Structure formats: C-alpha cells, structure tokens
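When a ligand or atom number is given, it counts from 1 through the structure's own listing order. Heavy atoms only: backbone and side chains are in, while hydrogens, waters and symmetry mates are out. Please read these numbers as outputs of a predicted model, since none were measured by experiment.
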Amino acid sequence: MQRIDHALLSPSLGSRKTVTSFHFGKPGSGPKVYIQASLHAEELPGMLVAYHLRPLLEAAEAAGQFCGEVVLVPVSNPIGLSQRLDHKPMGRFEIDTSENFNRHYPDFARAVLPVIEGQLGADANANVALVRKAMADHLAAWSAQTELQSLRKTLLELAHDADIVLDLHCDCEGVMHFYCEESCWPTLAPVAHFMGSRAILLAKDSGGGPIDECLSGVWWKLADTLTARGVSHPIPQACCSTTIELRGELDVNHAFASQDAQALFACLEHFGVVQTGHVPVVPAPLCQPTPLAGSETLRTVGAGVVTFAAEPGHALRIGDLVAEVIDPIENTVHQVRAGVDGVLYARIRDRYVTAGCELGKIAGAHAFRTGPLLGD
Ligand SMILES: [Zn+2]
C-alpha cells in the first residue's frame, strides 16, 4: 500500500488542507477501481466503511492477490468536514460559495472531443487510452483558482482513468440505495446486489455535474456525439461509476460498516481486481431498477412538526399515508400521501419543516419528471 498526501490550494495564509489517497495493487496490472467516501462531508458511513475495507485490501495485497489497482480515499472532502456553524456540521455546500461539493464537475466530453476527434481508430482499447490521455492533459492544464476547485481537480486526477468508480454517500435517513447512469448499469448491477440495494435509480445525465456522472458521462456522450456525426469508431463505456447511498446519516456503526466493506471486497473479487481463488456468487436482487425520473419527492405545503407514518424501506401504494405535518397553533394536521407506488427509500432527519420542505422520496417505476433530477 502506498499513501499519498495531496495538498490542496491554500485559501488563506497559514492554512492548507490535504486529501490522502491509499493505493493498493499495481497500476496497469488489471482493472482500476476508485473508491471515495464522504464527499458530502456529513455523510459519514462511507468513512467507516473505508476504515473496515482497508485491512481487507492490505491482507489481499500481502497475499499477492491483486490483479489490478484500488485507490481508496476515505476522506474525500476535508474542506466540508471542517465546516461547522452553530455547532452543526456543514458538509454539503462550501460555505464560501454555497456550491454543492458534488456538483459542477467538468464536462470532459466537450473538453476532449476536439482533441481526440481526428485520432480515433477501429481499436476500442486504443481509443480508451487516447480519451484518458486527453482527460489527463485537460486536468493538468486546469489551473485551479480556489481551494474548492483544487479539491475537484485532485479527486479527478485520482479517478479519471478508473474502470470502476464507487462514490460512497448516504441520505438523511434511508435504506441502502444506488444511483447510476443507464450505460453503467449492466456492469454495476452486481455492485448494487452485493450491497443489498433496496432502491436503484437510473438516469442518463441527471444534471448538475456530480462527480460520478462526470466520469461515466464522458464515454457515452462521446459515443453519442460521434455516432450522430456518422463516425463509427468504437468508444466503450470505459468508466462505470455509481453513487452508493449507505442508508442514513446516523447509520454509522461497525456492524453495517463491516458488512458493507465485505460487500465491496466481494465486488472487487467479482471484477477480478482481487483474486482470492473464490469468485463470490452475486446475491439475488432485492429490487428492480427504476428511473430516477420516476422518483417522487414528497413535500409539505405548510410548516409544522413532522410525524412519519412510513419507515424507510416501506413499499407504498398511491394514497398511503407517509407523514403528518402538524400545526399546534391552528390545530391542523396536513397529511402527506404517496403519489406513486414504490419504496420509500429516503426521508428527512429533522422533525420540523418549513413550507415547501422536502419530506421523503419514493422510487416510482414510471418516469414523470423532467429537467435536473438531483436535489440541491
Ligand atoms: Zn451525498
């Protein structure tokens, strides 16, 4: 294992943060898997999973079982992790810019297309190498002006040439669920099933530029653009990436983290990155994938104290009561009911809401939303 500390751009005199990556196996010896945790810095289950995964990787490396490479970044957002306001963690948005830490990643397809267009050929592997080189050159030429930009650049430098990217997040309260782009799903379905996902949300370009779609989107966008131009050179989906939502923010315990780390290790065995002589059987799916555009976000119309009637993981039918929002001054109860059939895969953690607040999300099977599909 090699540890590398990457200094971020210093935002202020006397202050500098660091991203630390741990490298297992040998670059170029097989598939590369990139795993990062807690990009939204108050989402901590992934950090504990990384802690449990690391000894499994160290043991596999000591046993000579690596046939590829794993890069593990247990703390992918030291900026957000240090932000607190009124004694509360503030890890989702950079306080300076109000930018979401998992948005605004660059559109690699647009950046590299002019560079690679005249150099593509019939060899898919050569095309992948060409695109990755152009991505690396684009990153090298990117002069980060702020600490936040230097964080994005650092993470992309570590991840841009990975075959598989696993970005470990969680919801406020929730069951295990999984976001990925449609083009990655065939490759990543075993990951969802090893992790025991209870909802699987598929999209093609959710909007907003999250890091996982930045890394997977470049491939299908290039392929689509070239096909539309009548160019037939093969561009495979060379990076499959996903956001894995490890239940809720308070689901930080050794039992879950150990179980999840073992599931991730099984994924590495499945992909052949670690060869232990044992190829694990992919577990039976706990759910079918549904379109992210079919996910209903329940909102309250008025303010009040919230009581939930439905727990994360409950399968709901249209009209089922999900929550009551109670105004003890006017003595009113506003009932919030499911508008689609599906699993309530996430809900808020607070129990007081202001008008228009989000309450929870249901994985409906039929797409009905358009425009940007991710929350703030
Ligand atoms: Zn998140």
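- With L215 as the fixed residue, the side-chain contact (heavy atoms from CB on, under 4.5 Å) test singles out one of I164, L156, D161: L156.
- The Zn ion (ligand 1) has H40 ND1, E43 OE1, E43 OE2, H169 ND1 as its protein N, O or S neighbours under 2.8 Å.
- Judged by the 6.0 Å distance and 45° axis criteria, R54 is positioned over the aromatic ring of F22.
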Exercise for the section: Assess whether side chain to side chain contact (heavy atoms under 4.5 Å, CB included) is satisfied between E58 and E61, documenting all intermediate values. Expected result: CA-CA 5 Å; E58 286 173 334; E61 191 170 51; 5.6 Å; no
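- For D171 and K361, the salt-bridge test passes: some basic side-chain N is under 4.0 Å from an acidic carboxylate O.
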Only distances under 3.5 Å count here; give the side-chain donor-acceptor pairs of residues 200-211 to other protein atoms, sequence neighbours excluded, each with its distance to 0.1 Å.
residue: K204; atom: NZ; partner: D224; partner atom: OD2; Å: 3.0
residue: D205; atom: OD1; partner: G207; partner atom: N; Å: 3.4
residue: S206; atom: OG; partner: E213; partner atom: OE2; Å: 2.5

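- For the residue pair S38 and E43, no side-chain donor N or O sits within less than 3.5 Å of a side-chain acceptor on the partner.
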